[in-house]
Amino acid sequence: MACMSTHELDARRLLCPMPVIKTQNKVKELSVGDILTIFCTDPGALSDIPAWVRINGHEMLSAEQSEDELAITIRVNG
Amino acid sequence: MAKQHKAVALISGGLDSLLAVRVLQEQGIEVEGINFYTGFCVEGHTHAIRNHDKDKKKRNNALWAAEQLGIKLHIVDVIEEYKDVLLNPKHGYGANMNPCLDCKIFMVSKAVEWVKENHENGFDFIITGEVIGQRPMSQRKETMPIVANESGAEDILLRPLCAKNLPATKPELEGWVDREKLFDFSGRNRKPQMALAKKYGFTDYASPAGGCCFLTDKNYSDKLVDLWKGRGTREYEMDDIMLLKVGRHLRPKPEYKLIIARDAGESKFLEGYRKQFTNIQALSHNGPLTLVDGNMPDEEIEIAAGIVARYGQGRDAAQVEIQVSIPGSEPKKIQIKPLSMDEVLEEWHV
């Protein structure tokens, strides 16, 4: 059985929907159970990435917002 | 057991595609959505940049629509491929730089590719929210077969909202879809769609028939044409597309233009381009960050600085200290008298 692994995606400076597209493409390379943290600067990602996660059956783990940056962590489901 | 036929729907995030999907879901058809990002989509971008848009709802309408419908959505980056659609549209442009008919053909052809790739998973037809007569260029009785033929979709392209005004397609002829339960909408009247939205319980949907593409916007199209003219070539990169959405654009000389932030939000956005562009900003007063696109001759520096001073809080001061930073060189500081309103010539504004 494959081990769960953690990954990071740099989507800083990209405007929506590019962070979502990058997330979608990255998730295609990952396995079920893998954890992905997306770093982005467009505040729109705070609604778009969770929406993409919900409709595609993945799982939101956290969304942390600092002054200039977002860190959104998701778990890949099947 | 009968095969479960599935459809892929072009989802723009507007009302028509939302309804087209729901009409098929009512018939038990499983649908997934596909949305193409050309770089010119209005979605979010400037909302995320400008201060006065900070309170606007930041949502991607295609994702929102998919969530309302309970369908998966595939967002596809077609920025590179789309260049050929924009630069060489076989069917020409609309009122501005909008190649709407070629764009529709391109998107349906991409959906055809997707269906071929996903045929094994049961996908065998495509739906769109097109309505005859809805759009002057791309949604007319004459263009419906053009889209179907030139995209390669032929009879697997179904338009549930106006299907009864068109010849039956394969999904109807094969009995996968009940044609009698499809619609015969036509024209620009939105009332039938609004009534259907009400019936299905959709509220808060994106502005019906609203433009979702910057290329239909005159100001944006003018800036794009100016960019090509200024460079002597019709090429563009993603950063060019983004920068046309931001700031006040002034071209004092054919060789260069200034992109002047209109508020703190835009200044912050332009900060990300400091390393790529010569940039100008006031030091002695608050003022907008300004990027220089093109090759600004040395003798133009004072004019450009005077313009930048004009758009800052030092506009009425006798002198403003301005910093001009050229990537890879030491920033230069100059004292400049801001240009008066009359000295900023009308024809400089792009």
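Each chain gets a letter, A, B and so on, in the order the sequences are listed, and its residues count up from 1.
Heavy atoms closer than 4.5 Å to chain A are found in the backbone of B:Ile71, but not in its side chain.
No donor-acceptor pair closer than 3.5 Å links the side chain of A:Thr37 to the backbone N or O of A:Thr73. Using modelled atom types, one side-chain atom of A:Arg13 and one backbone atom of B:Gly272 make a donor-acceptor pair closer than 3.5 Å.
At a threshold of 4.5 Å between non-hydrogen side-chain atoms, the residues A:Ile55 and B:Leu69 do not count as touching.
Interface with chain B: from residues 21-30 of chain A, residues A:Ile21, A:Gln24 qualify, criterion being any non-hydrogen pair under 4.5 Å.
Relative orientation of the A:Trp52 and A:His58 rings is parallel, given thresholds of 30° and 60° on the angle between their planes.
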Residues B:Tyr200, B:Tyr205; criterion ring pair (Phe, Tyr, Trp, His ring centres under 6.0 Å); working and verdict: CA-CA 12 Å; B:Tyr200 290 144; B:Tyr205 43 81; over 10 Å; no
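Within 6.0 Å of CD on B:Glu26 lie more than 12 heavy atoms contributed by other residues, nucleotides or ligands.
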